[in-house]
Amino acid sequence: MTKVVTRFAPSPTGYLHIGGARTALFNWLWARKNRGEFILRIEDTDLERSREEMTRAILEAMDWLGLDCDQGPYYQSQRMDLYREYIQKLVDTGQAYYCECTPEEVEAMREQARARGLKPKYNGRCREKNLGPGEGRVIRLKAPLTGQTTFNDLIKGPIAVNNEELDDFVLQRADGTPTYNLAVVVDDATMGVTHVLRGDDHINNTPKQILIYKALGIKQPLFGHVPMILGPDKKKLSKRHGATSVMKYKEMGFLPEAMINYLVRLGWAYGDEEIFSREELIEKFSLENLSKSASVFDMDKLLWLNSHYIKEKSPADLAALLKEYVREFDADLSYLEKIVPLLQPRAKTMVEMAEMAEFFLVADEELQYDAKAVRKFLTPEAREHLQEVVNRLEETKDFGQKELEQILAKYLEDAGIKFKVIAQPIRVAITGKTASPGLFETMEVLGKERTIKRMKRAVFFEG
RNA sequence: GUCCCCAUCGUCUAGUGGCCCAGGACGCCGGCCUCUCACGCCGGUAACGGGGGUUCAAAUCCCCCUGGGGACGCCA
């Protein structure tokens, strides 16, 4: 059995988007599962649109997702000689030819075909002209006029296309650079790629590439076309649907674990299981369980997975992460580490967690009070209770949840009131809001001094 | 327009001819828990696009229709 080699080959014309990330993930998983190799290749043959910063952004996103490669990144822009060599081979063997038609002329041919209700194609005008190299000339593949090109897709099954549908497409542009289809074939072949897993928007390119493999007389890899990811309107996912860049999700406070888990389940399933660790995925991933149909990106489910992984992660790790999301961080990590457990069951994203952590981090005198909360809960009676509770809190040395609970219980008994009566006032006093983690745990983390300071401030606070 | 691909709850999906008057998950609704908000737990809502076949038996196989998506570049 030969070693499995997969690759991810983005073009640096944009950021790594959701769909690309999933394709990369599937390739990565397949390589890892089979103890094969995963190659990263930057497809930058279009020197006009390729941007170096995009390459960096893609690499950064791959890194964030933890999709490490064994080879590369390779750059097609650095392999031009190799492509030229293969193209020359095709010209020499009469399987490719120079064409002097201008883009306008070709467009006219296509227009003509369209007018007759046919598929727009180049009409093969220069096919038998036997032209040599020259200014403005491209090289086209002399594609078969009849017959069928077929392949057995790993995901979709048998696919057949009549060769009449294909035309003599361009292999080398007028500027001497190779086109996508040629470069992909040369690279996949020379890099020993065994499995090409890519978006099914490439399905129509596959027959063309197979024609090149055949013309070159080289072994072709196995192809698998994964379905597209759609927006809620069922159209191909794009900027119109909001964030599509993977790194945007990092910014929005998603964990890479959640991202990976979500992406893999979009188009792949393993029975009824929903949660997968990286190791489980490598063990359980399989091509047979990939679905054939497109799937809709669902933010709610991503959010659910993210909150799951937030609950699962260690407070220490989260504290370190949270640091990046909190504005003006001046406390130390150990303090954040105490806050995090209170927020884990509540925050769905790191951004949310940062917002929820805000009142812990702000200076006591700068704590913002919600006006409505003040009006509703800091009533004159409530303020009296608050003052009484402060008096009792000042006398305690221990400020742990247990002690606090006892002190409050004693006060309730003495004052003859229910906890409900003072719970919200205290909460508003120390957090400024009506919603927060449990009162006692919040007080403990805040500490005696700050809790009391805030409560005292609340007693006389005027909204 | 032409070609290619696809078709189970709103969404992600299980299902590979009988175990399915279709299971899980997200969401949504209701309840429980409760110091608020969450978490958690329990329950509920909701789908095989339509029509023909094949078969003792079809969500599962075949055909047609419809619907959706994609591709038709000297982009990838």
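All heavy atoms count here, side chains included; hydrogens, waters and symmetry mates do not. By convention in this document, chain letters (A, B, ...) are assigned in the order of the sequence lines, proteins followed by strands, and residues within each chain are numbered from 1.
Pairing partner, C41(B): G31(B), with both Watson-Crick or wobble hydrogen-bond distances short of 3.5 Å. Pair check for A14(B) finds none; no Watson-Crick or G-U wobble contact set falls under 3.5 Å. As the counterpart of A71(B), U2(B) is assigned, both hydrogen-bonding distances of the Watson-Crick or G-U wobble pattern falling under 3.5 Å. Pairing for U55(B) is absent, judged as Watson-Crick or G-U wobble with the two contacts each under 3.5 Å. Figure legend. C20(B) is base-paired to no nucleotide; pairs are counted as Watson-Crick or G-U wobble with both atom distances under 3.5 Å. Summarising the base pairing, A7(B) is matched to U66(B) through a Watson-Crick or G-U wobble pair whose two defining distances lie under 3.5 Å.
For the OP1/OP2 pair of C74(B) and a distance below 4.0 Å, the side-chain nitrogens and oxygens of R110(A) include at least one atom meeting the criterion. Residue S307(A) places none of its side-chain N or O atoms closer than 4.0 Å to OP1 or OP2 of C39(B). When the side-chain nitrogen and oxygen atoms of K208(A) are compared with OP1 and OP2 of A71(B), none of them lie within a distance under 4.0 Å. Remark: T179(A) is not in phosphate contact with C74(B), judged by side-chain N or O atoms under 4.0 Å from OP1 or OP2.
Using atom P as the reference point in both C21(B) and A58(B), the two lie 12 Å apart (nearest Å). C61(B) sits 33 Å from C26(B) when the C1' atoms are compared, rounded to a whole Å. Taking atom C1' in both G51(B) and C56(B), one finds a spacing of 23 Å when rounded to whole Å. To the nearest whole angstrom, the two P atoms, one in G49(B) and one in A14(B), are 15 Å apart. Between C63(B) and C6(B), the distance separating the two P atoms is 12 Å to the nearest Å. Between U2(B) and G44(B), the distance separating the two P atoms is 50 Å to the nearest Å. Rounded to whole Å, the C1' atom of A47(B) lies 12 Å from the corresponding atom of U11(B). Atom C1' of G18(B) sits at a distance of 24 Å from the matching atom of C9(B), rounded to the whole Å.
Within 4.0 Å of K235(A), counting heavy atoms only, lie sugar-phosphate atoms of the nucleic acid but no base atom. Heavy atoms of G267(A) sit under 4.0 angstrom from primed sugar atoms or phosphate atoms, though from no base atom. Across all strands, A160(A) comes closer than 4.0 Å only to sugar-phosphate atoms, never to a base (heavy-atom distances). Among the atoms of the strands shown, none is found under 4.0 Å from any heavy atom of H225(A). Among the atoms of the strands shown, only primed sugar atoms or phosphate atoms (P, OP1, OP2) are found under 4.0 Å from some heavy atom of T45(A). Using a 4.0 Å heavy-atom criterion, one finds that D167(A) contacts no nucleic acid atom at all. Contacts of P232(A) with the nucleic acid, taken as non-hydrogen atoms under 4.0 Å apart, are absent. At a threshold of 4.0 angstrom between heavy atoms, the contacts of L266(A) are confined to the sugar-phosphate backbone, with no base atom among them. Among the protein residues, R116(A) comes within range of no part of the nucleic acid, since none of its heavy atoms lies under 4.0 Å from any strand. Here V138(A) lies in heavy-atom contact (under 4.0 Å) with a base. Using a 4.0 Å heavy-atom cutoff across all strands shown, E274(A) reaches at least one base atom of the nucleic acid.
In this model, a donor atom of one side chain and an acceptor atom of the other lie less than 3.5 Å apart for N181(A) and Q209(A). Between the side chains of D175(A) and T177(A), at least one donor-acceptor pair of N or O atoms lies under 3.5 Å. For the residue pair Y74(A) / D187(A), no side-chain donor-acceptor distance below 3.5 Å is found, with atom types taken as modelled.
A tilted orientation is assigned to the rings of W304(A) and H308(A), their planes being inclined by 30° to 60°. Below 30°, between 30° and 60°, or above 60°: for Y249(A) and F254(A) the angle between ring planes is between 30° and 60°, a tilted geometry. Using a 30° and 60° split on the angle between ring planes, Y369(A) and F461(A) fall in the tilted class, from 30° to 60°.
Where C99(A) and Y262(A) meet RNA chain B, the nucleotide closest to each residue was compared, and Y262(A) sits on the side nearer the 5' end. Of the two residues contacting RNA chain B, namely D298(A) and Q76(A), the nearest-nucleotide position lying further toward the 5' end is that of D298(A).
The listed nucleotides are A38(B), A76(B), C4(B); the one nearest the side chain of P345(A) is A38(B). Side-chain proximity of K301(A) to the nucleotides A25(B), A38(B), G73(B) is greatest for A25(B). Taking only side-chain atoms of E43(A), from C-beta outward, the nucleotide of A14(B), C39(B), A76(B) with the closest atom is A76(B). In the set A14(B), C74(B), C6(B), the nucleotide with an atom closest to the side chain of S293(A) is C6(B). The side chain of F440(A) has C35(B) as its nearest neighbour among G10(B), U2(B), C35(B). Comparing U13(B), G1(B), C26(B) by their closest approach to the side chain of P120(A) singles out G1(B). Residue K119(A) has its side chain nearest to A71(B) when only A71(B), U13(B), A76(B) are considered. Relative to the side chain of K156(A), the nucleotides A7(B), C5(B), C74(B) differ in distance, and C5(B) lies closest. Listed candidates were C72(B), A14(B), C5(B). Nearest to the side chain of I159(A) is C5(B). The side chain of A174(A) has C74(B) as its nearest neighbour among U11(B), C74(B), G70(B).
Judged by atom type and distance alone, R346(A) does not reach the base of C39(B) through any side-chain donor-acceptor pair under 3.5 Å.
For the contact set between residues 414-436 of chain A and RNA chain B, defined by any heavy atom under 4.0 Å, the members are F419(A), K420(A), A423(A), Q424(A), R427(A), T434(A), A435(A), S436(A).
At whole-Å resolution of the value, CD in E164(A) and C1' in C4(B) are 15 Å apart. Taking atom NE2 of residue H308(A) and atom P of nucleotide G40(B), one finds them 10 Å apart after rounding to whole Å. As a whole-Å value, the separation of D201(A) CG from G70(B) P is 9 Å.
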With salt bridge (charged side-chain N to carboxylate O under 4.0 Å, His left out) as the criterion, how do K410(A) and E413(A) come out once you've worked through the C-alpha distance, each side chain's angles and the decisive distance to 0.1 Å? CA-CA 5 Å; K410(A) 183 70 167 42; E413(A) 204 186 311; over 6 Å; no

For side-chain contact (heavy atoms from CB on, under 4.5 Å), just list the numbers for E85(A) and V186(A), CA-CA rounded to whole Å, side-chain angles, deciding distance to a tenth of an Å, and then say yes or no. CA-CA 10 Å; E85(A) 186 187 310; V186(A) 171; over 6 Å; no

Starting from the C-alpha separation in whole Å, work towards a yes-or-no answer on salt bridge (charged side-chain N to carboxylate O under 4.0 Å, His left out) for K301(A) and E274(A). CA-CA 11 Å; K301(A) 190 150 185 184; E274(A) 293 286 351; 3.1 Å; yes

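When each of N205(A), N204(A), D201(A), D153(A) is checked for a side-chain hydrogen bond (donor to acceptor under 3.5 Å, both in side chains) with H225(A), only D153(A) meets the rule.
Applying the side-chain hydrogen bond (donor to acceptor under 3.5 Å, both in side chains) criterion to R450(A), with sequence neighbours excluded, gives Y335(A), D364(A).
The structure places NZ of K89(A) at 4.5 Å from OH of Y86(A), a figure rounded to the nearest 0.5 Å.
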